[in-house]
Structure formats: structure tokens, C-alpha cells
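Report on the following structure.
In this chain, residues are counted from 1 in sequence order.
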Amino acid sequence: MSLTGHRSIRHPRPPGIDTLRCTARYGLDAVPDPQHRAMMAGLLDSGLLDGLIAFAVEYEPAVDRAATRVRAGRLAAEFAAFGIAVPAATIRTITVMRSLMVPVADEDLAFALDRVWVFGTYLDDLCSREPAEAEAVLREALLPERAPARPTTRYLRHLFAGIAPFCDPTFLAVYRAFLHNALIGVLMEAEFTPEVSDGVDSDFVRAYNGFSQFWFVSLQFTDPCLDARTNRAFWSASLCSGVTFLNDVNDVLSSYKEAVDGADFVSSRLYRSCVREGVAYRAVARRTLDSGLGARDRLLALASADQRPHLERYAAGYVCFHLRCRRYRWNDVYPGLTPIDT
């Protein structure tokens, strides 16, 4: 099944969906808050995700599992040497994600990219729970008089030094800036209140948060046709749509994991929009998913014939990753979804 075009992923009840042994209520007992549970039940009952689920079931990811396990082991040892406790599940899952979305043949580059993606995810998770860590990393990373005293800041320098031989220096500077922007976004998210009484603009913060910029431009490593230095016009034109696709699809497909957590759910853009606008959660989710898939279509329209297959694989891998890795817990709702990060 192809992810190309909306028809293949928006069929209201795709053939084969019943083989997932899914009911809309399965797995909702894990959501502790009754209001959040009702919102998720409405989303699942709406059928909005059925097409994506059916696609993910049939999608066969081209990932060398043995190679990802080897790189994951190397990363775990490296993190331990730096005194950083990155969870094994994060290492395992994100090495699969990177291999799925941004495959490269060079093993040294593959390891350098895994290092960047895994630590970027860990830093996002860490700083979201501990905003003071984001402040400290920003000070040590961006103020010239600050030496990198923290393990996280020292490792950031290490990972960017590791990726530097594989990219243009200007791209490297932009890549670093996107990560630092993401930490500023984390600090703004820390001001969200559970009852959404704050005056913070969720859409601005979500767009400002540079992690999606960071993940999207990683595609430049996959092929010379996407090299950032020689294809700057493409990247300048496509960055907005790329970020919209990543943010919107992630916001929808993170919903169950966030509902189980509770605190993450009330700080999510979907929940905050739902409360502020006084509209149903499923309606906000539908609008957001439509926006994300529309952004994906714009990306493909911008791409050349050489670039398009890489973008298609990236988008398909992103959807598959969210639905078939254990980080997002969709297997709890759809038991027929086989995790790919085992």
C-alpha cells in the first residue's frame, strides 16, 4: 500500500482493518483521566486513524535490524562513558526510526546520525520534564564565556563534531541552531497551565520548537540531490511544509501516549486548541491531520523527480514509526500492530 495521495490513507474503513482485532474502546482503561479517556474514545470512534492504521499494518519497513542493534549497543556504551543515562528503549527505538526515515549506506555516517537523533530525542524528553536543564544547556552552548561543564553539553559538542565531516559547515551551523531553538521552545512550553489559562500561543510555540526543523533537514544526508548547500532553494521552499507535516502528524499520533501520561495530554496542542476553541477533540484532530497530510502533498509537489522518492519514504516511515513502535503505545489499542522496534 502506498502513502502517496490521500485516498490510500483516508478510506473510512479500509479492507483488512478488522483483522487488527480492534474495537474503539480497547486500551482506553490505561488513560487515567475520565475526560481524556472520553476524548480518546471519540477520536477512535470517529475512524480518523483507520486508514493510517491499515497502511502501517501493510507497510514493510526496509530496516537492517542487526545493524541497528549493533549501533544501539555502541551508543549505549558511549552514553555511559559520558555519564548520561539514556534509556535503552529510547536508544533502540530511535535508531530504528532514523534507519527507517533517513537510510544511509555509510556506516560511519549512520552511527553519527543515530547519535544525533537518539540524543536529540533524549534531550527533548529530559528538558520537557526539567526546564532548568534546557536553561543550563542553552547557557553553556551559546554563551562564549561558559565552558561545557554538564555531561549533556559536552555530549552535544561531541555529536556535532561527529557529524561535521559529513556536511557543509554552513549546514552544520544551521543544524545546531535548530536544536538550540527547540530548547527555547521547551522553555515556552513550560509556561503552559493545565487549565489552559495562560496566554501562550500553542501554535507559535509548536512552530518555533526546532526539533521538527532538525529532524526534517536530516534528509540532506540521504542523497546528493538533497544536499543543503547545492539545493538551498528547495530547502527554503520546503521547510515550512516539512515542519507542518512532522508537527501535525506527530500531534495526532502522540495522542494516546499523551493521554496515558496525563500531564503531556493537557500540554498538547490538540488539547489546548480543543479547550480554547470549545470544539470536540476529534474535530481538532481531524483538522490537524488534514493539515499535516496536505503539507506532505505540498512537499512532494515541490520535489524534483530525484528528490521525491526520498520524501515519500521519509513520510511513510514517519507514519509507520509512530504506529508500530512501542514509544507511542498504539499496539495497546490495536493488538494486531506488530512493533518494529523489538
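- For the residue pair R71 / S99, a side-chain donor-acceptor distance below 3.5 Å is found, with atom types taken as modelled.
- Between Y271 and F265, the ring planes are tilted. Angles from 30° to 60° get that label.
- Follow the hydrophobic side-chain contacts under 4.5 Å out from L48 and you reach V279 in the same cluster.
- In this structure the side chain of M97 never reaches within 4.5 angstrom of the side chain of T121, judged on heavy atoms.
- The side-chain heavy atoms of L302 and L311, taken from C-beta on, include no pair separated by under 4.5 Å.
- Smallest separation of non-hydrogen atoms from S255 and Y281: CB-OH, 3.2 Å.
- No donor-acceptor pair under 3.5 Å is formed between the side chain of E140 and the backbone N or O of T153.
- Counting only distance, with no hydrogens or angles, the side chain of R92 and the backbone of D341 share a donor-acceptor pair below 3.5 Å.
- Looking only at distances, no side-chain donor or acceptor of W330 sits under 3.5 Å from a matching main-chain atom of Y256.
- Checked by atom type, the side-chain pair S218/Y175 shows a donor-acceptor distance below 3.5 Å.
- Of the possible donor and acceptor atoms, one in the side chain of H180 sits under 3.5 Å from a partner among the backbone N and O of R176.
- Taking the six-membered ring for Trp and the full ring otherwise, the centers of F79 and Y155 sit less than 6.0 Å from each other.
- When each of E312, R313, R308 is tested with H310 by the rule side chain to side chain donor-acceptor pair (under 3.5 Å), just one qualifies, namely R313.
- Using a distance-only test at 3.5 Å, with no hydrogens or angles considered, a donor-acceptor pair links the side chain of R98 to the main chain of V102.
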Start with the C-alpha distance between R69 and R65, add both sets of side-chain angles, then the distance that settles side chain to side chain contact (heavy atoms under 4.5 Å, CB included), and finish with yes or no. CA-CA 6 Å; R69 284 193 291 270; R65 307 294 177 83; 3.6 Å; yes

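- Using a 4.5 Å cut-off on side-chain heavy atoms (C-beta onward), E78 and F111 make contact.
- In this structure, D33 has no salt bridge (charged side-chain N to carboxylate O under 4.0 Å, His left out) partners at least two apart in sequence or on a different chain.
- One finds no salt bridge joining E107 and R74 here, because no Lys/Arg side-chain nitrogen approaches an Asp/Glu carboxylate oxygen to under 4.0 Å.
- What you find for Y122 and P87 is that their closest heavy atoms are CD1-CD, 4.0 Å.
- V186 and A134 make their closest contact through CG1-CB, 4.4 Å (heavy atoms, listed as atom of the first residue, atom of the second, distance).
- Taking the six-membered ring for Trp, W215 and F178 have ring centres at least 6.0 Å apart.
- Contact annotation: the side chain of F119 never approaches that of I94 to less than 4.5 Å [non-hydrogen atoms, C-beta and beyond].
- For Q307 (side chain) and C225 (main-chain N/O), a donor-acceptor pair under 3.5 Å exists by modelled atom type.
- Salt-bridge annotation for D261 and R129: present, with a side-chain N of the basic residue lying under 4.0 Å from a carboxylate O of the acidic one.
- Ionic pairing of R232 and D168 is not present here: no N-O contact between side-chain nitrogen and carboxylate oxygen is shorter than 4.0 angstrom.
- Under the 4.5 Å side-chain heavy-atom criterion for ILVMFWY residues, a single connected hydrophobic cluster contains both V275 and F204.
- Proximity of a side-chain donor or acceptor of S291 to a complementary backbone N or O of R287 within less than 3.5 Å is not detected.
- Heavy-atom minimum distance, T338 versus R324: O-NE, 2.9 Å.
- When side chains are defined from C-beta on, V118 counts as touching V86, because their heavy atoms get closer than 4.5 Å.
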Could you walk me through whether L323 and Y334 satisfy the side chain to side chain contact (heavy atoms under 4.5 Å, CB included) test, starting with their C-alpha distance in whole Å, then the side-chain angles of each, then the deciding distance to 0.1 Å, before giving a yes or no? CA-CA 9 Å; L323 292 172; Y334 300 89; over 6 Å; no

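- The side-chain heavy atoms of V260 and D332, taken from C-beta on, include no pair separated by under 4.5 Å.
- Transitive grouping of hydrophobic side chains (ILVMFWY, heavy atoms separated by less than 4.5 Å) brings V137 and F82 into a common cluster.
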Using the side chain to side chain contact (heavy atoms under 4.5 Å, CB included) rule, take L246 and F211 through it: C-alpha gap first, then chi angles, then the decisive distance, then the call. CA-CA 10 Å; L246 293 176; F211 280 111; over 6 Å; no

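- The backbone N or O of L43 lies less than 3.5 Å from a partner atom in the side chain of S46, making a donor-acceptor pair.
- Judged purely by atom type and a 3.5 angstrom limit, E133 has no side-chain atom pairing as donor or acceptor with the backbone of L126.
- Across S241 and A295, no two heavy atoms sit closer than the pair O-CB, 3.4 Å.
- Looking at heavy atoms from C-beta onward, N181 lies in side-chain contact with I184 at the 4.5 angstrom threshold.
- With a 4.5 Å cut-off on side-chain heavy atoms, L289 and L52 count as touching.
- Using modelled atom types, one side-chain atom of R37 and one backbone atom of P32 make a donor-acceptor pair closer than 3.5 Å.
- Exactly one of N250, D251, V252 qualifies for a side chain to side chain contact (heavy atoms under 4.5 Å, CB included) with R269. That residue is D251.
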Apply the test side chain to side chain contact (heavy atoms under 4.5 Å, CB included) to residues D227 and F171: give CA-CA distance (whole Å), side-chain angles for both, the deciding distance (0.1 Å), then the verdict. CA-CA 9 Å; D227 177 77; F171 171 81; over 6 Å; no

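- Between Y318 and F216, a ring centre-to-centre spacing not shorter than 6.0 Å is recorded.
- Under the 3.5 Å distance criterion, with hydrogens and angles disregarded, no donor-acceptor pair is assigned to the side chains of D114 and T95.
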